[in-house]
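Input: a single structure, listed below in structure tokens.
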Amino acid sequence: LEHKIYQAYNLVTPLSFRTRLLSLSYIDTDGQVRGFTQPAFLIEDLEQLAARLDMERVRRSGLSPLDMDSAQQNLVEMFQFMIGNTDWSAVGASVDEEACCHNAKVLAPRGAGAGLVMIPYDFDQAGLIDAEYAAVSPAVGGTSVRDRVYRGRCENNPRVAASLARLRELRPAIEALFDDKRLNAIAARNAAAYVREFYERTASEKWVQRRIYDACLGG
């Protein structure tokens, strides 16, 4: 399911990590544990990603909304909202890292100090997946990872309509990703229902106003 999220974001924007699905076999060379095979995936190397996009990595301790490409940033914010992921930050680093941002890498057009873009990764805490070990982010609160919390900046509210339009345009392709027999049937059905709920909810202007525009950060 996490690999499907990467594929979905690839549809949304080329400013995203490419991945490759694997069938990975584990063998205990000491013979203590029986070998087993399970799905896994590779993620594109950051330097390869930057070269593909003709951009360069940015290392800063924190970011200002003024630094960012607001249209691209709101796509990140809206996509994270769609999949129910709050385990990310657009302003600070992870606990074990010095450079911003938590579960995202930052790139810039070569030689430019602004127009920065975030490339998100590590979606395993998303409500769409609903992993057994997933926990609600302390910075957000709530009772379940399935509860969507919008973490978009208020400065990006003018971009919300375009972001929603982009995701609506891609609805058939995104929903089709979960029609895959390699997925557990129950997990695939729950994930598809979660995505469908997003589209049904955002069809209501009142819901969008209350849960997105009025819930933005920094207002």
Side-chain angles (χ1 to χ4, degrees), residues 1-26 35-46 49 72 74-90 94 101-105 118-152 163-164 166-203 211-212:
L1 282 175
E2 186 176 6
H3 181 250
K4 292 296 182 184
I5 291 175
Y6 280 96
Q7 289 185 308
Y9 196 58
N10 291 155
L11 295 173
V12 174
T13 173
L15 299 172
S16 55
F17 282 106
R18 291 175 176 173
T19 56
R20 178 172 294 178
L21 190 65
L22 304 174
S23 180
L24 190 61
S25 296
Y26 296 85
F36 62 95
T37 300
Q38 67 180 25
F41 60 89
L42 299 175
I43 302 177
E44 186 176 19
D45 178 78
L46 181 60
L49 170 66
Q72 188 65 31
N74 191 243
L75 273 178
V76 174
E77 296 164 347
M78 196 61 65
F79 183 80
Q80 298 279 27
F81 184 58
M82 181 179 76
I83 66 172
N85 186 36
T86 59
D87 187 29
W88 64 282
S89 173
S94 302
C101 292
H102 177 51
N103 283 343
K105 299 300 183 183
M118 286 179 57
I119 315 293
Y121 66 94
D122 199 358
F123 303 111
D124 66 321
Q125 295 285 332
L128 183 150
I129 298 175
D130 197 20
E132 292 182 0
Y133 58 83
V136 175
S137 170
V140 175
T143 59
S144 169
V145 294
R146 296 280 284 188
D147 297 332
R148 288 188 172 90
V149 178
Y150 185 63
R151 303 195 70 193
S163 295
L164 286 174
R166 176 62 177 158
L167 293 178
R168 287 168 183 151
E169 173 189 6
L170 293 168
R171 179 176 181 176
I174 291 175
E175 290 186 334
L177 289 172
F178 302 100
D179 185 17
D180 189 330
K181 296 187 183 303
R182 292 173 296 183
L183 292 170
N184 172 279
I186 295 176
R189 185 165 60 249
N190 289 342
Y194 192 74
V195 172
R196 185 168 59 252
E197 179 192 50
F198 168 81
Y199 286 112
E200 291 172 350
R201 295 288 191 182
T202 55
R211 296 294 302 274
I212 296 178

- Query: Are side-chain heavy atoms of Thr37 and Leu24 found at a separation under 4.5 Å?
  - Reply: no

- Item | Verdict with supporting geometry, Tyr133 and Asp124, side chain to side chain contact (heavy atoms under 4.5 Å, CB included) | CA-CA 9 Å; Tyr133 58 83; Asp124 66 321; 2.9 Å; yes

- Do Asp130 and Leu128 come close enough that some side-chain heavy atom pair is under 4.5 Å? no

- Item | Pairwise side-chain contact, Phe178 with Val195, heavy-atom cut-off 4.5 Å (strictly under) | yes

- Task: Please indicate whether Asn184 has more than 12 foreign heavy atoms, meaning atoms of other residues, nucleotides or ligands, lying under 6.0 Å from its CG.
- Result: yes

- Note on the structure: Given the options Gln125, Arg148, Gln80, Asn85 meets side-chain hydrogen bond (donor to acceptor under 3.5 Å, both in side chains) only with Gln80

- Message: Please verify the inter-ring angle class for Phe79 with Tyr9; under 30° counts as parallel, over 60° as perpendicular, anything in between as tilted.
- Response: tilted

- Message: Using side-chain heavy atoms (C-beta onward) and a distance below 4.5 Å, is Val149 in contact with Arg211?
- Response: no

- Under 4.5 Å between any side-chain heavy atoms of Val136 and Asp147, yes or no? no

- Message: I'd like to check Met118 versus Lys105 (side-chain heavy atoms, cut-off strictly below 4.5 Å). Are they in contact?
- Response: no

- Query: Is the side chain of Arg151 donor-acceptor paired with the backbone N or O of Thr86 at a distance under 3.5 Å, no angle test?
  - Reply: yes

- Message: Would you say CZ of Arg201 has more than 12 non-hydrogen atoms from neighbouring residues, nucleotides or ligands within 6.0 angstrom?
- Response: no

- Query: Are the side chains of Leu164 and Phe198 in touch, meaning some heavy atoms are under 4.5 Å apart?
  - Reply: yes

- Item | is_close_aromatic(Phe17, Tyr6), centroid dist under 6.0 Å | no

- Plane angle bin for His3 and Phe41 - parallel if under 30°, tilted between 30 and 60°, otherwise perpendicular: tilted

- Message: What I want to find out is whether Glu44 reaches Arg20 closely enough, with some N-O distance under 4.0 Å, to be called a salt bridge.
- Response: no

- Query: Should Met82 and Met78 count as side-chain neighbours, where that means a heavy-atom distance under 4.5 Å?
  - Reply: no

- With a distance cut-off below 6.0 Å to the six-membered ring centre and an angular limit of 45° from the axis, does Arg189 pair with Tyr194 as a cation-pi contact? no

- Item | Lys4 NZ to Asp180 CG distance, which is reported to the nearest 0.5 Å | 3.5 Å

